[in-house]
Each structure stands twice: as C-alpha cells, then as structure tokens.
A.B. asks: 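Before I ask anything, here is the structure I am working with.
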Amino acid sequence: MPILSVSRVLKSPAEAIGTEATVQGWVRTRRDSKGGFSFVALSDGSCFDAVQLVVPADLPNYQSDVLRLTAGCSLEATGTLVQSQGKGQGVEMQVKSLKVYGFVEDPDSYPIQPKPHTFEYLRDVAHLRPRTNTFGAIGRVRHTLAMAIHRFFHENGFSWIHTPIVTGSDCEGAGQMFRVSTLDLANIPKTPEGKVDFSQDFFGKETHLTVSGQLNVETWCTALSKVYTFGPTFRAENSNTSRHLAEFWMIEPEIAFADLHADADLAEALLKYMYRALLNERPDDMKFFAERIDKECVTRLEKFVNATFERITYTEAISLLEKAVAKGEKFEYEPKWGIDMQSEHERFLTEKVFGRPVAVMNYPKDIKAFYMRMNDDGKTVAAMDILAPGIGEIVGGSQREERLDMLDKRLDEMRLHKDDYWWYRDLRRYGTVPHAGFGLGFERAIIYATGMQNIRDVIPFPRTPRNCQF
RNA sequence: UCCCCUGUAGCUCAAUGGUAGAGCGGCCGGCUGUUAACCGGCAGGUUACUGGUUCGAGUCCAGUCGGGGGAGCCA
C-alpha cells in the first residue's frame, strides 16, 4: 500500500480517485455523524489543507480509538480515495483501517485548540505552534524562500561560502556581540594588570558570535568573484521591537568587478526571484495569508515582481522629505541633509510617497561604516539601503572601498586600529578590485511576503532579550 | 535602554472597592455527509508574584517578573 503525503492526495484528484493508499498525520478536528461514521481532518504539513477521512463506525477500533480522537492525535489511515460527497473538499478517504500512534494525554489542556489563538500565546507553546495553520504555512514559506535564494545564486554562478559563526575579529562593526568563552565565570583568570586573561580561553583570545559574514566573504569574493553567505547572525543589542531578533538569518552576497549599481541590480533580481518562486510554489499558503493575515500580500508581491525598483539618492530622499514638510507634513525629527533617516522618514517614503520598497543610495559618509567606498564628491559613500513599507530596512549594502589609501584614511578618521584589519587590508594590497555586496534580512523578507506583523512569528524559535525558551 | 498599555478558567475576554462570569475548547447526552457544525447538561479559578492601604482588593498604591505597541540600534 503506497504511503502518500496529504499534498500528493489533494494535488491531483483525477489520479488519486479510486486508488488505495495510506496517509499519516495529526488530527485537526473530528466530527461524529450518527449516520454511522466520523469525519477526521488529518494534516501532515505537506501542504496547507488537511485531508478528510471518513471513518465508518463498524471499524473494530471505532469505539476504543476513533471516538477518542481529538486535535493533535497522531495516526495512520488506510483506505480508498474517493470523490467527496460533501462540499468542502474534492477528494477524501473512505477509511478501511486506522491505527493511532499517539493520543493526546489531556485533551482539555492541549494547547492547540481548533480555534484562533493569539500569536503572543502561541509563542509560549512554540514547540506545538507549527501544528497551526499559520505556522505550518510560515514553515513552508520559509523553506521555499530559502531554496529559491540558493537556486538563484547557483543558477547565476555564485558559490555559497560558509563563513564562520565564531569570530576572532572584534572589528566587525558597531553591533554588540555575544561572547564565546569556556572560561569559568566564577573564577576568571586575570592578567597582572587585573584584566581578563583571554590567553587562557579556548581560542587563546577574545572571541564572539558573528554579527556579519561580510568581511570574511569579501576574501573569497576576491578569488571566486561571485559569492554569498547564508546563515545565522547574532546581535546582542537590547532591541525590543517587532523587527529585531538576537539570532536571525542573513543573506550576504559579494560580487567582484562591480559597483553600487550592479549591487542594486543584484538585490532587485534576487528579491524578484524569491517572491516569484513563492507565488508559483506556495499558492495555498499565500492564499491563506491573503485571507487571514494581510489582504494585500499577494497583490503586493505580484506588483513587486513586475515593477521596476524605485531608486533614489539620499540627497533626493531628504529633499522629498523637506518638500513634504513645506506642504505641512509633521515629523518629530526635522529631515535635514546629513542626518540618519528616522523610522518616520522611511515610513513616509515607502508608505506615502512610493507605496512600495525604495532603494536609497549614496549616504553621507559620517553616518555609514568605514568600509564603504568614498564617492568623488568627498561627502557621500556608495551605500545602498532598501526600505520596505511596514518593515524599514530590509537590505543594507554598499560598494566597498577597494583603494588602500582611502580605506586607511577612513580607518584613521574613525579611530580604528589598522592592525586589527591586517588581512582585510591585504585584499587591497594584493590585486584589489572594485566590489560590492549587501545584507538581506531573511526574516524581514518573510514578513514582507506574508504580512506577518512580528518577526518572532516567522522564525521557528525566536531569540530576543530575556527570552531563550525552547 | 526609554515612553505608553497590559497580566482573571486550557484559550479569548467580562466583572461600580462588596458572593469571580460568558463564549470557545474538554467531558456526558441528543441531532446531523459533517467541515470555525448545531442543541442540552457537567466539570473547570492561589485573579502573574511580593508587600501595602482598607471592615473588605481581580479592582487602589509600590516593587518584581512576563507580554504588547512605539522609539533608538540595525537585517
């Protein structure tokens, strides 16, 4: 007897009907009919929908097992796939035998009831929330997007570089980092000067979890030309918002012989590829998101994959904001050339002016990182942020400074120690090349696609300040 | 970290400082090719925690912890 996924059963009804099969999964609901049978909605997560089992009361274990089934029970059913007599579904299974693997110990307190739950509540039962419609859909969407990303890069000649999670560079950027150490916290070895003696630590030096694979991946970029990283990233910032996680996944491509415009082209092509794949491969889940989470999400993606990307310079962005102020728009912070844009400014641009993501390019050098390439005006650097409505920054990237003298000047200006960057500087000394890259926040890309409001609900186990359950 | 809001049954929420309630879910029964089923009944509570005010606190006050929204940092 072939074991079929629910997806296989429901996808091609014409083939399925009339055949015998076995299905396995977890009960969503059970309804009893006195017509001599029970209906059991069975889900195995292979697609959005559950398959309906019609279980006749004359099965030997009908009283003992079937009538005890509640949401969450696991079982295997074998029977004939038939055209449904009811309205809600095309195919259903006329069950001939049914085996329960596991009952729900206490149905009264089983956390996942067949009713809407708040997302806040479901975070407390994150080990069971994948059994809900929403989180099942999130899981499949997340996978689909991850696969699309790898496929996009692979098809375009990129190599996936596995940059390290543990880093010895304390120069990755401004972000607060998580310490990695095997020292005994209750008995920390000290140097004669009274400082922590990291020479006795596991790596013989201070180490942390990475906040970005960029610096490492740049090295491989100057050999394999087109590379990317895709992995977990850690920020020990005390951020309590709906779009920040302490552990999140980031995609960071890096391309050689490329400038900022090529960088923006790449970001645009990648995002369009991802969302096109999502629309093609997960129409069932996207239909659900459009019905229950965010009415606009499907039309938003359809528009996104077909539209040209909006691109403006930082200077133009500020001038748009200033014009808005002149027309009476109120901001808490006055937009002015030289300031970092506030959330309210980004929202105004993406939500009110354009109504879709916008790439903002060439920011003032003083508000950006040391490695970004100085523009000829001497005031701005070749940086690029892609801002999305409701999320803010979804992509942050730049053309990198490939000229050693300019890089050193920036390091000096920002009072950073050149020695700490010796291998990064070597790339500029040995066959340097113009190159560019960006970081795409994976969870933020999922938020944009699904309309989910909180980043904690698009990752299986969210890590946030004071929360590392599960 | 800052500002605002919030914590009551398994879940979602009610309850003027005066006997803690409903819907859903669960259990029992009825009805039905049902599908967020429907009808009747039953069970279910240290009102987040600690302290205070009061004759009396779910309600008022203080602290702690958790949650939400917004801000900053950013992906």
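First the proteins, then the strands, lettered A, B, ... as listed; each starts at 1.
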A.B. asks: Dot-bracket for RNA chain B, 5' to 3', counting Watson-Crick or G-U wobble pairs under 3.5 Å, with [ ] for crossing pairs and | for inter-strand pairs?
C.D. replies: (((((((..((((....[..)))).(((((.......))))).....(((((..]....))))))))))))....
A.B. asks: Determine the Euclidean distance between corresponding P atoms of B/rG17 and B/rC11; express it in Å to zero decimal places.
C.D. replies: 27 Å
A.B. asks: For residues 258-266 of chain A, run the donor-acceptor check on the side chains, cut-off 3.5 Å, and write out each pair with its distance to 0.1 Å, sequence neighbours left out.
C.D. replies:
from	atom 1	to	atom 2	distance (Å)
A/Asp259	OD1	A/His261	N	3.1
A/Asp259	OD1	A/Ala262	N	3.0
A/Asp263	OD1	A/Gly437	N	3.4
A/Asp265	OD1	A/Arg311	NH1	3.1
A/Asp265	OD1	A/Arg311	NH2	2.6

A.B. asks: If you only use heavy atoms from C-beta on, which nucleotide in B/rG33, B/rG25, B/rA71 is closest to the side chain of A/Phe37?
C.D. replies: B/rG33
A.B. asks: Nearest whole Å is fine: how far is B/rG25 C1' from A/His117 NE2?
C.D. replies: 8 Å
A.B. asks: Classify the nucleic acid contact of A/Val395 as base, sugar-phosphate or nothing, counting any heavy atom under 4.0 Å across all strands shown.
C.D. replies: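 The answer is sugar-phosphate, as A/Val395 gets under 4.0 Å only of primed atoms, P, OP1 or OP2.
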A.B. asks: Name the residue closer to the 5' end of RNA chain B, choosing between A/Ser109 and A/Glu393 according to the nucleotide with the nearest heavy atom.
C.D. replies: A/Ser109
A.B. asks: Taking the side chain of A/Gln113 as its heavy atoms from C-beta onward, which of B/rG72, B/rG10, B/rA75 lies nearest to it?
C.D. replies: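 Of all the options, the side chain of A/Gln113 is nearest to B/rG10.
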A.B. asks: Test for a donor-acceptor pair under 3.5 Å between the base of B/rG10 and the side chain of A/Asp108, counting only N and O atoms.
C.D. replies: no
A.B. asks: Quick one: do A/Tyr363 and A/Ser398 satisfy side-chain hydrogen bond (donor to acceptor under 3.5 Å, both in side chains)? Show the steps, please.
C.D. replies: CA-CA 10 Å; A/Tyr363 283 77; A/Ser398 66; over 6 Å; no
A.B. asks: Would you say the side chain of A/Thr315 lies within less than 4.5 Å of the side chain of A/Ile318, judging by non-hydrogen atoms?
C.D. replies: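 Sidechains of A/Thr315 and A/Ile318: no contact.
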A.B. asks: Which residue, A/Phe438, A/Phe153, A/Phe152, forms the ring-ring contact (aromatic ring centres under 6.0 Å, His included) with A/Tyr228?
C.D. replies: A/Phe153
A.B. asks: Given B/rG70, is OP1 or OP2 found less than 4.0 Å from the side-chain N or O atoms of A/Ser242?
C.D. replies: yes
A.B. asks: Take the protein atom NE2 of A/His244 and the nucleotide atom C1' of B/rA71, then report the distance between them rounded to whole Å.
C.D. replies: 11 Å
A.B. asks: Between A/His150 and A/Trp160, how do the two ring planes meet: parallel, tilted or perpendicular, split at 30° and 60°?
C.D. replies: tilted
A.B. asks: Please determine if a side-chain N or O atom of A/Ser343 lies less than 4.0 Å away from the OP1 or OP2 oxygen of B/rG70.
C.D. replies: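 False: A/Ser343 side-chain N/O out of range (4.0 Å or more) of B/rG70 OP1/OP2.
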A.B. asks: With a non-hydrogen cut-off below 4.0 angstrom, is A/Pro111 in contact with a base, only sugar-phosphate, or nothing?
C.D. replies: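 A/Pro111: no heavy atom of the nucleic acid under 4.0 Å.
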A.B. asks: Is A/Tyr121 touching bases, backbone alone, or none of the nucleic acid, heavy atoms closer than 4.0 Å?
C.D. replies: sugar-phosphate
A.B. asks: Can you tell me which residue among A/His244, A/Arg456, A/Arg142, A/Arg243 is in a side-chain hydrogen bond (donor to acceptor under 3.5 Å, both in side chains) with A/Glu443?
C.D. replies: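 For A/Glu443, the side-chain hydrogen bond (donor to acceptor under 3.5 Å, both in side chains) check succeeds only for A/Arg142.
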A.B. asks: Calculate the interatomic distance between A/Asp340 atom CG and B/rG72 atom P; express it in whole Å.
C.D. replies: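 Spelled out: CG on A/Asp340 to P on B/rG72 is 9 Å.
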A.B. asks: Between A/Phe230 (CZ) and B/rA75 (P), how many Å, whole number?
C.D. replies: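 Rounded to the whole Å, the gap is 16 Å.
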A.B. asks: Is there side-chain contact between A/Val95 and A/Thr78, with heavy atoms separated by less than 4.5 Å?
C.D. replies: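 No, too far: nothing below the 4.5 Å cut-off.
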A.B. asks: Between B/rG67 and B/rC49, how far is it from one C1' atom to the other, in whole Å?
C.D. replies: 15 Å
A.B. asks: Can you figure out which of B/rG26, B/rA75, B/rG33 approaches the side chain of A/Pro107 most closely?
C.D. replies: B/rG26
A.B. asks: Can you check the A/Leu69 CG to B/rC27 C1' distance for me, whole Å?
C.D. replies: 16 Å
A.B. asks: Rounded to the nearest angstrom, tell me the gap between atom CZ in A/Arg347 and atom C1' in B/rA71.
C.D. replies: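 Distance, rounded to whole Å: 11 Å.
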A.B. asks: Determine the Euclidean distance between corresponding P atoms of B/rG52 and B/rG10; express it in Å to zero decimal places.
C.D. replies: 28 Å
A.B. asks: Using modelled atom types and a 3.5 Å cut-off, is there a donor and acceptor pairing between side-chain atoms of A/Asp385 and backbone atoms of A/Leu387?
C.D. replies: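 No, A/Asp385 side chain to A/Leu387 backbone: no donor-acceptor pair under 3.5 Å.
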A.B. asks: The test is ring-ring contact (aromatic ring centres under 6.0 Å, His included); show your working for A/Phe39 and A/Phe37 and say whether it passes.
C.D. replies: CA-CA 7 Å; A/Phe39 298 101; A/Phe37 41 82; 5.6 Å; yes
A.B. asks: Less than 4.0 angstrom between a side-chain N/O of A/Ser33 and OP1 or OP2 of B/rG33, yes or no?
C.D. replies: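 For B/rG33, OP1 or OP2 has a side-chain N or O of A/Ser33 closer than 4.0 Å.
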A.B. asks: In whole Å, what separates the P atom of B/rG18 from that of B/rG70?
C.D. replies: 36 Å
A.B. asks: Measuring to OP1 and OP2 of B/rG26, would you say a side-chain N or O of A/Arg68 lies under 4.0 angstrom away?
C.D. replies: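 The answer is no; no side-chain N or O of A/Arg68 sits under 4.0 Å from OP1 or OP2.
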A.B. asks: What nucleic acid atoms does A/Gln214 come within less than 4.0 Å of, heavy atoms only: base, sugar-phosphate, or nothing?
C.D. replies: nothing
A.B. asks: In whole Å, measure the gap between the C1' atoms of B/rU59 and B/rU6 for me.
C.D. replies: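 Looking at atom C1' only, B/rU59 and B/rU6 are 15 Å apart.
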A.B. asks: Rounding to an integer number of Å, can you tell me how far A/Leu128 CG sits from B/rC11 C1'?
C.D. replies: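 Rounding to the nearest Å, CG of A/Leu128 and C1' of B/rC11 are 14 Å apart.
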A.B. asks: Under 3.5 Å, which protein N or O atoms sit close to an N or O of nucleotides 64-68 of chain B? Give each pair with its distance.
C.D. replies:
from	atom 1	to	atom 2	distance (Å)
B/rG68	OP1	A/Arg123	NH1	2.1
B/rG68	OP1	A/Arg456	NH1	3.1
B/rG68	OP2	A/Arg456	NH1	2.9

A.B. asks: With rounding to the nearest 0.5 angstrom, report the CG to CZ distance, A/Leu416 to A/Phe370.
C.D. replies: 6.5 Å
A.B. asks: Would you please confirm or rule out a distance under 4.0 Å between OP1 or OP2 of B/rU12 and any side-chain N or O of A/Thr118?
C.D. replies: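 So the side-chain polar atoms of A/Thr118 do come within 4.0 Å of the phosphate oxygens OP1 or OP2 of B/rU12, strictly under.
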A.B. asks: Give me the distance, rounded to whole Å, that separates B/rA36 from B/rC31 when you measure between the P atoms they each carry.
C.D. replies: 22 Å
A.B. asks: In whole angstrom, what separates A/Phe119's CZ from B/rG69's P?
C.D. replies: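 A/Phe119 atom CZ is separated from B/rG69 atom P by 12 Å.
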A.B. asks: For A/Tyr448, is the NZ or CZ atom of A/Arg300 found under 6.0 angstrom from the centre of its six-membered ring and inside 45 degrees of the ring axis?
C.D. replies: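 Verdict for A/Tyr448: a cation-pi partner in A/Arg300.
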A.B. asks: Touch check for A/Ile394, heavy atoms < 4.0 angstrom, all strands: base, sugar-phosphate only, or nothing?
C.D. replies: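 Sugar-phosphate, backbone atoms only, no base.
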A.B. asks: What N/O pairs connect the protein and nucleotides 28-30 of chain B at under 3.5 Å? Give each pair on its own line.
C.D. replies:
none

A.B. asks: If we take the C1' atom in both B/rA43 and B/rA37, what is their distance in whole Å?
C.D. replies: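 Here B/rA43 and B/rA37 have their C1' atoms 23 Å from each other.
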A.B. asks: Between A/Met341 and A/Asp106, just flag the one whose closest nucleotide in RNA chain B comes earlier from the 5' side.
C.D. replies: A/Asp106
A.B. asks: For every nucleotide of nucleotides 35-40 of chain B, 5' to 3': is a protein heavy atom under 4.0 Å from its base (B), only from its sugar-phosphate (S), or from neither (-)?
C.D. replies: B-S---
A.B. asks: Ignoring hydrogens and geometry beyond distance, is the side chain of A/Ser239 in donor-acceptor contact with the base of B/rC73 at under 3.5 Å?
C.D. replies: yes
A.B. asks: Work out how far the P atom of B/rU19 is from that of B/rU34, and round it to whole angstrom.
C.D. replies: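 Going atom to atom, P in each nucleotide, I get 46 Å.
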A.B. asks: Would you indicate what A/Leu245 reaches in the nucleic acid, counting non-hydrogen atoms under 4.0 angstrom: base, sugar-phosphate, or nothing?
C.D. replies: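 A/Leu245: base contact, heavy atoms under 4.0 Å.
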A.B. asks: Would you mind writing out the side-chain donor-acceptor pairs for residues 347-355 of chain A within the sub-3.5 Å range, not counting sequence neighbours?
C.D. replies:
from	atom 1	to	atom 2	distance (Å)
A/Thr350	OG1	A/Glu346	O	3.0
A/Thr350	OG1	A/Arg347	O	3.4
A/Glu351	OE2	A/Gly390	N	2.9

A.B. asks: Checking A/Lys379 against A/Trp337: charged group under 6.0 Å from the ring centre and within 45 degrees of the axis?
C.D. replies: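 Satisfied, under 6.0 Å and within 45°.
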A.B. asks: Go through B/rC74, B/rG33, B/rA71 for me and flag the one nearest to the A/Val54 side chain.
C.D. replies: B/rG33
